[in-house]
Amino acid sequence: PPPAPPGRRPCRPPFPPGPLAPPAPPAAQAPPPKGLAPPAATAAPTLPPATQAPTPAALPAAEGSLSAKKCIGDQSFRPPAPMVPAERRPKTGEQQWMDENWPGYHNGVSLGGAFGIEDWMFFSNPETPSKANLQLTAGAQFDQLAWNEELLKGDLQTAYATIDCHINKFYDDKALDQLAEFGINTIRLVVGYWYFDDPAIYPDDTWMHFPTGVGKFGHYGVNPDGFITPGTRPLSDLAMKLWNRNMKVLVDMHAEPGCSSPRQSYAGMHCEAEAPNTWNGKASDGISGAHVVQRASDNKTWTDVAWKIALERVVPWIKYMNSLAPGAIVGYEVINEPDLAGADGSLTEIRSLTMDLGKAVEDCFPEEAGVWIGISTASKNSPVEQVAQDYKGTYPNFQDKFFSDVHHYFAWSGCITYASSPSFSLQCACESNLPGTDYEGMDADWASWMKSGIFDDGWQFYVGEWSAGVGTAHTCNNGVPTADQAEAMYKSQKWGFLNQYLHYRGKAAGGRSSFVGDFYWNGRMGYNWNPDPNVCGGPTSDKNYAGFENWDWSFLRLIELGLIKPLSELGWTPSSIAGHKDATCTGTFPVLCAAGSTPAAPPGGQPGMGPAPAPPGGQPGMRLNDASIRPIVEARAAP
């Protein structure tokens, strides 16, 4: 591995050692990270009685058919049973229509903001700001850890009650019903690692507050890193609610132990781009940015903790839920945007928590499990080109297991015609990275995937995050979105995604499309939300929102405003969608109306996630290919 940069102490030996291409023979595989061992050699954890649940008859044994795949990590964890009964309803009319017209397409939405706080989503400029109740002044730096620390300044039971309100009611039954009626059939469930943490994983670590097992909040505790956690039961309840409504779940691990991306609220805390963090350093040394933890001095690294939680908690939870509700969990994205736009994690370290961990996770599922592994890219040291090479050279047998997650935003740049008056092109939004069009290279990272031939070879992918938000237009609209632009941005991008599905149809195994679907970011914003246990409410409505800069990022608000419509109402079928191109993909609107008004987003993040400037286009995958794209746009705009 490369030497540690100046100012950073050398990290532990990476897992596994050495480059992964060409692939090493099986006998050369390195041992698992510290704390992991084959199940037969690992003592089963003993959980407090309050967190135990009966083992359903359908749950696979800890070994059985998995032993041939060499699953590492103890698989004996049994999550607490969900409180929500399995009572599956018939599919909604729109869900049935999707099955008939777009078979296999994951018509999705991300449910962020419930199991992990991102500050920008809760900006509201309230008259009386309250960090404890997520009433945040615009621009305030905040995150899950900061929220938990604020709550813990008061009564412990009130802190637990506030969290309990938030995770159970932020997406309430009405919201889930709206999504199902709209035809949503898959949810990207955004979570932080602390929901899978418990005292039995590392018994020598000191919890700040142990779960007592007594009373309404007996399953709640505060882990060694300062995060309030109720364990997995709320996740199980939500997954069961979604299954009952015929919506599958893609689990997305947004926040990893140790902080995997610096200065990003989605990482659970605002850390610095240096050790100790997810990629380097001992857990007992805390987290960069002066975050003190209570992890034992036993030489385990943050990467070790991430592996152990993934293999000994997340995997058993997925198997348990799928035994209760067959097909409830269809995918597990092991890490979101690793080391976002940074270079702290080396190539080997990024591989360890993406493809290497993904292989170890897959080895713990039986062949018939049907759970894909989401692979996200974001680090400077692990570019798309290298990941595609690793797929082909090291993991060729995972073609039907590794699904690539592409994040695709126009919030900060992209599809702008730089003529005398800059304007945004809807044709470009429709055709962005659609093979055979003028704009097939618009998103540079996506274009790199395309050039590698991965998708044409049948490796599958999805757009894990996208939005109608187009911040470059805000200076032309008094600083906020407009209804017509939000509607046009949604329709044009959705048109493009459906045509991606059609273009790659038949290229994946079994005649499936290599493009499997899209997930809008996000289900809702927190503009009207108050988790105070005495209030516990604040719907995403069609009122009292217009001054909120990011209202068009809320899928539920777009539904309630009537700005987006189900695909059946649009009449978009595989045979008819081409005929809707002119109405959907024609037109422009002004952007960058004030000099120097390009939105200053953080590296790859959503608005408000930090002070650093973004690469052109926001997400790492939205860098403009200026050499090839801008001349095309300017030529098209010329008289």
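Computation of the quantities below employed the complete heavy-atom set of this structure, encompassing side-chain atoms and omitting hydrogens, waters and symmetry-equivalent molecules. All values reported here derive from a predicted model rather than from experimental measurement.
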Mind running side chain to side chain contact (heavy atoms under 4.5 Å, CB included) on V191 and M253 for me, showing each step along the way?
-> CA-CA 5 Å; V191 301; M253 190 61 74; 4.0 Å; yes
Look only at the side chain of D204 and the backbone of A296, and say whether a donor-acceptor pair between them is shorter than 3.5 Å.
-> no
Trace of the salt bridge (Lys or Arg N to Asp or Glu O under 4.0 Å) decision for D400 with R512 | CA-CA 11 Å; D400 204 34; R512 299 189 302 272; 2.7 Å; yes
Flag the pair R295 and D225 as a salt bridge only when some basic side-chain nitrogen lies within less than 4.0 angstrom of an acidic carboxylate oxygen.
-> yes
Could you tell me the separation between the CD1 atom of I350 and the OG1 atom of T377, rounded to the nearest 0.5 Å?
-> 10.5 Å
Any donor and acceptor pair, going by atom type alone, linking the side chain of E333 with main-chain N or O of S404 inside 3.5 Å?
-> no
Should the ring pair F403 and W372 be called parallel, tilted or perpendicular, given that the plane angle runs from 0 to 90° and is split at 30 and 60?
-> parallel
D363 with K359: basic N within carboxylate O range, under 4.0 Å = yes
D344 versus N277: any side-chain heavy-atom pair under 4.5 Å?
-> yes
Donor-acceptor under 3.5 Å (E349 side chain, S346 main chain) = yes
side-chain contact (heavy atoms from CB on, under 4.5 Å) with V314: of V361, V334, I309, only one passes, and it is I309
Short side-chain donor-acceptor distance under 3.5 Å, S448 and E385 = yes
Start with the C-alpha gap between E465 and R188, add the side-chain angles, then the distance that decides, and say whether salt bridge (Lys or Arg N to Asp or Glu O under 4.0 Å) holds.
-> CA-CA 9 Å; E465 293 184 15; R188 184 169 174 257; 3.1 Å; yes
Just jot down the salt bridge (charged side-chain N to carboxylate O under 4.0 Å, His left out) partners of D339, sequence neighbours excluded, or say none.
-> none
Taking every non-hydrogen atom, the tightest pair across G268 and W194 = CA-CH2, 4.1 Å
Return yes if some donor-acceptor pair links the side-chain N/O of S261 with the main-chain N/O of L340 below 3.5 Å, else return no.
-> yes
Would a line drawn from the ring center of Y105 to the ring center of F497 be shorter than 6.0 Å?
-> no
Heavy-atom check, side chain of W243 versus side chain of N322, under 4.5 Å | no
Passing option when R351 is tested against N381, D390, T394 for side-chain hydrogen bond (donor to acceptor under 3.5 Å, both in side chains) | D390
Are R313 and D198 within salt-bridge range, i.e. N to O under 4.0 Å?
-> yes
May I ask you to check whether W147 and H166 place their ring centres under 6.0 Å from each other?
-> yes
Test item: side-chain donor near acceptor, K248 and N185, under 3.5 Å = no
Side-chain H-bond candidate by donor/acceptor type, R88 with N246, under 3.5 Å | yes
Who pairs with D99 by salt bridge (charged side-chain N to carboxylate O under 4.0 Å, His left out), at least two apart in sequence or on another chain?
-> K91
Taking the six-membered ring for Trp, are the ring centroids of F461 and Y504 within less than 6.0 Å of each other?
-> yes
Is there side-chain contact between E337 and D405, with at least one heavy-atom pair below 4.5 Å?
-> no
Check the angle between the aromatic planes of Y220 and F217 and answer parallel, tilted or perpendicular using the 30° and 60° thresholds.
-> perpendicular
Would you give the length of the straight line joining atom OG of S288 to atom CZ of R263, rounded to the nearest 0.5 angstrom?
-> 9.0 Å
Spacing of NE2 belonging to H254 relative to OH belonging to Y266, to within rounding of 0.5 Å | 6.5 Å
Show your reasoning for whether side chain to side chain contact (heavy atoms under 4.5 Å, CB included) applies to I318 and Y332.
-> CA-CA 9 Å; I318 291 174; Y332 173 22; 3.9 Å; yes
Report the distance from atom SG of C364 to atom CD of E312, rounding to the nearest 0.5 Å.
-> 9.0 Å
Among W449, Y391, W446, Y501, the one residue meeting ring-ring contact (aromatic ring centres under 6.0 Å, His included) with F455 = W449
Identify the residue among Y193, Y195, F115, W207 that makes a ring-ring contact (aromatic ring centres under 6.0 Å, His included) with F227.
-> Y193
Distance (rounded to the nearest 0.5 Å) between M269 CE and L145 CG = 5.0 Å
Considering non-hydrogen atoms only, spot the tightest contact between P230 and H219 and give its length.
-> O-CD2, 3.2 Å
How about F196 and W317: are their ring centres within less than 6.0 Å of each other?
-> yes
N107 and W102: side-chain donor and acceptor closer than 3.5 Å?
-> no
How many angstroms lie between CG in N336 and OG in S376, if you round to the nearest 0.5 Å?
-> 5.0 Å
Taking all non-hydrogen atoms of both residues into account, name the closest pair between G113 and N522 and its distance.
-> N-ND2, 4.5 Å
Between D197 and N223, does any side-chain donor sit less than 3.5 Å from a side-chain acceptor?
-> yes
